[in-house]
Participant: 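If you scroll down you'll find the structure; I have some questions about it.
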Amino acid sequence: APAAPSAAPPGDVLPFRAVERTLPNGLRVIVVPTGFPDLVSVQIPVQTGSRNEVEPGKSGFAHFFEHMMFRGTKAYPPDAYQAIVTRIGARQNAYTSDDLTNYHLTFAKEDLGKVLEIEADRFMNLDYRVEEFKTESRAVLGEYDKNASNPLLKFEEVQRDSAFRAHPYKHTTMGLLADIEDMPNQYEYSKLFYARWYRPEHAAVIVAGDVAPEKVLPLVEKRHADQLGPVRDTLSQLQMAYSRLAQGGGERLADARREL
């Protein structure tokens, strides 16, 4: 029988009662029993989006890491990871926005243990070589070139560049073209980006569906217990400062026309 959902407290955003716990290492775990039989969804939002790209020449890395997170680990190389996802019939994807990157899977409830295992592994042990890094960076450039055929992309780039003077919302999630073209040369920086942002204090594990919190919470804690706790470096502090920057007022005009 599906786990019976509890009604949310009055005024809550969700119709179901969510159970939340923060692990000692800073990872937030949220479990939402919905009562929908046999189905479970795992969402792992990471609080790194284009707004965190405050260093000159490094725009687009949050989106780039959405790609790199599918490059596998020593325990689960890409083919082995994908074979598991295919075998259990999971629906999987990810997306990047200004404020976060989210990884999500939907699958049958009996596969929850395996999904938590492989997801925890790649969030703690992502492993890739220079050659794989360069291959993926060229794929991102190809994605940019494909999207560039849409005139709305150019419009958004000009609009953001004009609307924001200092805040990192100034560039799009894809990043600036010059920075994307230089990504193949940024292998060492990519390791720093992963170590800096893919940390428990910047992430949450959300499990919703036919689940019981008293069973899910120990499973998540078991898989993420070895993940290191919060580290506050100077860039994290710098990013927070940028996020609070006030934008100057007044009307600003820009020309979004492009040469064909």
Side-chain angles (χ1 to χ4, degrees), residues 14 17-33 40-55 61-77 81 84-85 92 94-97 99-105 107 111-128 188-209 211-243:
L14 296 174
R17 187 176 72 88
V19 176
E20 181 175 345
R21 177 182 298 172
T22 300
L23 302 185
N25 60 12
L27 180 71
R28 294 176 64 197
V29 185
I30 303 171
V31 184
V32 187
V40 176
S41 178
V42 169
Q43 310 267 335
I44 306 180
V46 181
Q47 289 179 315
T48 176
S50 54
R51 69 180 293 170
N52 301 93
E53 299 158 356
V54 299
E55 296 164 294
F61 258 88
H63 169 253
F64 177 61
F65 253 85
E66 177 197 325
H67 288 244
M68 292 307 300
M69 286 296 288
F70 291 91
R71 279 292 173 175
T73 68
K74 288 183 172 63
Y76 291 103
Y81 174 91
I84 293 172
V85 173
Q92 179 194 45
Y95 61 86
T96 308
S97 71
D99 304 306
L100 61 89
T101 307
N102 189 48
Y103 302 85
H104 52 95
L105 298 93
F107 49 89
D111 297 309
L112 176 60
K114 176 56 71 173
V115 168
L116 291 176
E117 177 187 342
I118 63 175
E119 291 303 278
D121 181 54
R122 69 168 172 162
F123 272 80
M124 292 188 285
N125 304 307
L126 182 66
D127 184 64
Y128 53 87
E188 291 302 325
Y189 178 78
S190 76
K191 296 290 188 177
L192 175 62
F193 187 93
Y194 176 70
R196 175 179 283 154
W197 296 112
Y198 279 73
R199 305 187 55 81
E201 70 269 25
H202 298 312
V205 175
I206 304 169
V207 183
V211 292
E214 65 273 14
K215 295 181 179 180
V216 173
L217 291 169
L219 284 175
V220 177
E221 187 164 12
K222 174 185 176 183
R223 293 301 177 189
H224 289 270
D226 294 334
Q227 198 169 5
L228 297 178
V231 172
R232 300 297 182 187
D233 63 12
T234 54
L235 189 96
S236 294
Q237 297 166 10
L238 178 62
Q239 180 268 327
M240 293 176 189
Y242 267 79
S243 298

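Everything quoted here is computed from the prediction, not taken from an experiment.
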Participant: Under the ring pair (Phe, Tyr, Trp, His ring centres under 6.0 Å) rule, collect the residues that match up with F107, sequence neighbours excluded.
Facilitator: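 Ring pair (Phe, Tyr, Trp, His ring centres under 6.0 Å) check on F107 returns nothing, list empty.
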Participant: Looking at A18 and I30, what are the two nearest heavy atoms and their distance?
Facilitator: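 Scanning both residues, the minimum pair turns out to be CB-CG2, 4.1 Å.
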Participant: Apply side chain to side chain contact (heavy atoms under 4.5 Å, CB included) to L219 and list each qualifying residue two or more places apart in sequence or on a separate chain.
Facilitator: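 For L219, the residues satisfying side chain to side chain contact (heavy atoms under 4.5 Å, CB included) (neighbours in sequence not counted) are L112, L116.
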Participant: If you count the non-hydrogen atoms of other residues, nucleotides and ligands that lie under 6.0 Å from NZ in K222, is the total more than 12?
Facilitator: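 No, not enclosed.
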Participant: For the atom pair CG (D99) and CZ (R51), what is the distance rounded to the nearest 0.5 Å?
Facilitator: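 The CG atom of D99 sits 5.0 Å away from the CZ atom of R51.
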Participant: Is there a donor-acceptor pair under 3.5 Å between the side chain of N25 and the backbone N or O of H224?
Facilitator: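 Yes, the answer is positive, given that a donor and an acceptor are paired below the 3.5 Å cut-off.
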Participant: Work out which heavy atom in E221 is nearest to a heavy atom in P24; give both atom names and the distance.
Facilitator: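 Reported closest heavy-atom pair: OE2-CD, 4.3 Å.
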Participant: Quick one: list whatever passes side chain to side chain contact (heavy atoms under 4.5 Å, CB included) with R122, sequence neighbours left out.
Facilitator: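 R122 satisfies side chain to side chain contact (heavy atoms under 4.5 Å, CB included) with M69, F70, T73, Y81, Q92, Y103, E119 once adjacent residues are dropped.
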Participant: Of all residues at least two apart in sequence or in a different chain, which pass the side chain to side chain contact (heavy atoms under 4.5 Å, CB included) check with V19?
Facilitator: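 R17, P213, L217.
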Participant: Given the side-chain rings of F64 and F193, with only the six-membered ring counted for Trp, is the space between their centroids under 6.0 Å?
Facilitator: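 Judged by ring-centre distance (under 6.0 Å), F64 and F193 do not meet the cut-off.
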Participant: For the atom pair CD (E55) and CD (E53), what is the distance rounded to the nearest 0.5 Å?
Facilitator: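 The CD atom of E53 is 10.0 Å from CD of E55, to the nearest 0.5 Å.
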Participant: Show, in sequence, the C-alpha distance, side-chain angles and deciding distance for V211 and V31, and conclude whether the side-chain contact (heavy atoms from CB on, under 4.5 Å) test is met.
Facilitator: CA-CA 8 Å; V211 292; V31 184; 3.8 Å; yes
Participant: Taking side-chain hydrogen bond (donor to acceptor under 3.5 Å, both in side chains) as the test, write out the residues that go with K114, two or more places apart.
Facilitator: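 With sequence neighbours excluded, K114 shows a side-chain hydrogen bond (donor to acceptor under 3.5 Å, both in side chains) to Y76, E117, given in chain and number order.
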Participant: Residues two or more places apart in sequence or in another chain: which of them pass ring pair (Phe, Tyr, Trp, His ring centres under 6.0 Å) with Y198?
Facilitator: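 Testing Y198 for ring pair (Phe, Tyr, Trp, His ring centres under 6.0 Å), a comparison that skips the adjacent residues, returns F65, F123, Y194.
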Participant: For K215, check salt bridge (charged side-chain N to carboxylate O under 4.0 Å, His left out) against everything at least two apart and list the hits.
Facilitator: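 K215: no salt bridge (charged side-chain N to carboxylate O under 4.0 Å, His left out) contacts found.
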Participant: Are a donor atom and an acceptor atom from the side chains of T101 and E66 found within less than 3.5 Å of each other?
Facilitator: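 There is no such pair (donor and acceptor under 3.5 Å, judged by atom type) between the side chains of T101 and E66.
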Participant: Calculate, to the nearest 0.5 Å, the distance between atoms OG and NE2 belonging to S97 and H63 respectively.
Facilitator: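 The distance works out to 11.5 Å.
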Participant: With R28, which residues qualify under side-chain hydrogen bond (donor to acceptor under 3.5 Å, both in side chains), at least two apart?
Facilitator: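 Once residues adjacent in sequence are excluded, the partners of R28 under the side-chain hydrogen bond (donor to acceptor under 3.5 Å, both in side chains) criterion are E20.
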Participant: Would you mind writing out the side-chain donor-acceptor pairs for residues 42-50 within the sub-3.5 Å range, not counting sequence neighbours?
Facilitator:
from, atom 1, to, atom 2, distance (Å)
Q43, OE1, N102, ND2, 2.8
Q43, NE2, S41, OG, 3.1
S50, OG, D98, OD1, 3.2

Participant: Applying side-chain hydrogen bond (donor to acceptor under 3.5 Å, both in side chains), name anything that partners N125, two or more places apart in sequence or on another chain.
Facilitator: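 With neighbours one apart ignored, the set is D121.
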Participant: Go through the steps for Y189 and F61 under the test side-chain contact (heavy atoms from CB on, under 4.5 Å), then give the verdict.
Facilitator: CA-CA 10 Å; Y189 178 78; F61 258 88; 3.6 Å; yes
